[in-house]
There are 2 protein chains.
Amino acid sequence: MLLYYFEMTLSEEDYIKAIYHLSQIDSKSVATNAIAEQMKTKPSSVTDMVKKLSEKSLVKYKKYQGVSLSEKGRLVALSIIRKHRLWEVFLVDKLNFSWDEVHEVAEQLEHIKSDALIDKLDAHLGFPKVDPHGDPIPNKEGFFTKSVKKLISELPVLSEGVCVGVNDSSVTFLKFLDKNNIALGDTFKILDREEFDGSVTILTRVGAIRISEQIASNLFLEIVDEE
Amino acid sequence: MLLYYFEMTLSEEDYIKAIYHLSQIDSKSVATNAIAEQMKTKPSSVTDMVKKLSEKSLVKYKKYQGVSLSEKGRLVALSIIRKHRLWEVFLVDKLNFSWDEVHEVAEQLEHIKSDALIDKLDAHLGFPKVDPHGDPIPNKEGFFTKSVKKLISELPVLSEGVCVGVNDSSVTFLKFLDKNNIALGDTFKILDREEFDGSVTILTRVGAIRISEQIASNLFLEIVDEE
DNA sequence: ACAATTTTTTAGCTTTGTCTAAATTTATTT
DNA sequence: AAATAAATTTAGACAAAGCTAAAAAATTGT
Ligand SMILES: [Mn+2]
Ligand SMILES: [Mn+2]
Ligand SMILES: [Mn+2]
Ligand SMILES: [Mn+2]
């Protein structure tokens, strides 16, 4: 990630991350109001911050035209996301937090400044490639394998892939998955889909099971043989 | 530690911790200039902050009379110190940092807000009683065993105790200790002391060794049969 | 085309934590 | 007991990050 040789405040880092995520959704330039909503602040505060980030060449900004990350800004975003997701892995794998409890704490931990820390944490965790929600962890240079993850409900019959994420991370849903022996990292094959109600039969490590459309639209598979 | 039900900023927490440490050294009330030096700020900034902490009943303060922690303030200090030292244990035991590298990062990590996090970290580390520098870790209620630790150079012949800390945490010194099979947690017995140069013969797990006065005045033993 | 609505920016104010310079209080010397 | 020195506080400013209310620009509807 080539570290960034200028100091960034916690708030600046969160803005950069928000802009990154918003531009993933909509590729074009990001609207002031969208950032305000994401950051739970007012549009006027966003305008002020965006000007500051523009001064530091982290974003490209023209009045009334929205904002987009510069290459420098993109690398900063990925460095923060890397830290966020590594900490999430730590919280789940080492401290036995559950998937849905880790976000808030990771939101704080991602701002700890120490390159040595994050390198050693990465090693301690065995250089994980995805976080507990199945999202990819960028490496030090900001590269990551764009998981071509798709919802089971959107995949054709006979697709096969690794379960890498959930859409709904509520406790209820996670409990359901546990009970049905569905876990991140498992490989599933889609055997059949009912026209009638969209329910899907999948092959899991404990055999074939039937899941409802609702479940199918909340589980991401990473397809093995694509790109 | 009963958590504190009011929000504290990072800066307030660092001030409270500084005041705690300074009042350990000198028991009386702490001087504005002393805090300024510790915090690397100006005395006028300290006055402002101390007024604010006084508003929140964390310190007792009278103009020109110095400042001391209230009971509430003392508990806050101990809660931060607990976090600081647990993170130090984590960095050394789990991430393979060395003793002298952990302070700066722990200085940041101590401010992460999450009771669940610190409980689970404590458990993950096996409920350690001392940090990598031999300093005691307060429990959740703010209690800790005041280690009656003394320098080897200050202990009488035939004293016996567990090596719990170092005075000098320079890399050179730590390397020396490694080479001579001296580690925290080891039990030593003082066999003899030379009047001539103050050098001391101690019994270690690999037999009796002779250490210079300089070394003896940098190693703390916790005496077993006291209090 | 132009009025109405929505989005975005500006202006001005607030809080936190810092600073410098000046004033005040306390401590130390003669 | 002054006079001097040191420690502490006050006054006034500043940067960061937020807010509200008002102005300006862009978009939408007719
Ligand atoms: Mn954050
Ligand atoms: Mn995640
Ligand atoms: Mn700190
Ligand atoms: Mn320590």
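Lettering follows sequence order; numbering is per chain, from 1. Nothing here was measured: the structure is a model prediction, and the numbers come from that model.
One atom, CG of Asp48(A), and another, P of dC13(C), lie 15 Å apart when rounded to the nearest Å. In this structure, Met49(B) places its CE atom 15 Å from P of dT9(D), rounding to the nearest Å. Rounded to an integer number of Å, the gap from CE of Met8(A) to P of dA15(D) is 19 Å. At whole-Å resolution of the value, NZ in Lys51(B) and P in dT15(C) are 16 Å apart. Spacing between atom NZ of Lys62(A) and atom C1' of dT8(C) amounts to 16 Å, rounded to whole angstrom units.
Residues of residues 30-42 of chain A having a heavy atom closer than 4.0 Å to DNA chain D, listed by number: Thr41(A), Lys42(A).
Side chain of Asn218(A) to main chain of Gln214(A): a donor-acceptor pair is present (N/O by atom type, distance under 3.5 Å, no hydrogens or angles).
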| remark: In B/S/- notation (B base, S sugar-phosphate only, - none; protein heavy atoms under 4.0 Å), nucleotides 22-28 of chain D written 5' to 3' is --BSS--
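By the salt bridge (Lys or Arg N to Asp or Glu O under 4.0 Å) test, Asp122(A) pairs with Arg82(A), sequence neighbours left out. Applying the ring-ring contact (aromatic ring centres under 6.0 Å, His included) test to His84(A) and every residue at least two apart in sequence or in another chain returns His103(A). For Glu12(B), the salt bridge (Lys or Arg N to Asp or Glu O under 4.0 Å) partners at least two apart in sequence or on another chain are Lys52(B), Lys56(B).
Regarding contacts with the backbone of dG18(D), a side-chain N or O of Ser11(A) is found under 4.0 angstrom from either OP1 or OP2. For Tyr15(B) and dT16(C), the shortest distance from a side-chain N or O to OP1 or OP2 is not below 4.0 Å.
In this structure, Pro43(B) and Ala36(B) approach most closely via the heavy-atom pair N-CB, 3.7 Å. Taking both residues in full, the closest heavy atoms of Val59(B) and Val50(B) are given as CG2-O, 3.8 Å, listed atom of the first, atom of the second, then distance.
The environment of Glu154(A) atom CD is dense: over 12 non-hydrogen atoms of other residues, nucleotides or ligands sit within 6.0 angstrom.
Under the 6.0 Å distance and 45° angle rule, Lys94(B) does not count as a cation-pi partner of Phe90(A).
Judged by distance alone, with hydrogens and angles left aside, Ser44(B) brings no side-chain donor or acceptor close enough to the base of dT8(D) to form a pair under 3.5 Å.
Within the structure, side-chain hydrogen bond (donor to acceptor under 3.5 Å, both in side chains) pairs that include any residue of residues 33-51 of chain A do not occur (at least two apart or interchain).
Across the interface with DNA chain C, nearest-nucleotide mapping of Ser45(A) and Glu12(B) shows Ser45(A) to be the residue nearer the 5′ end. Between Pro43(B) and Leu10(A), it is Pro43(B) whose nearest contact on DNA chain D lies nearer the 5' terminus.
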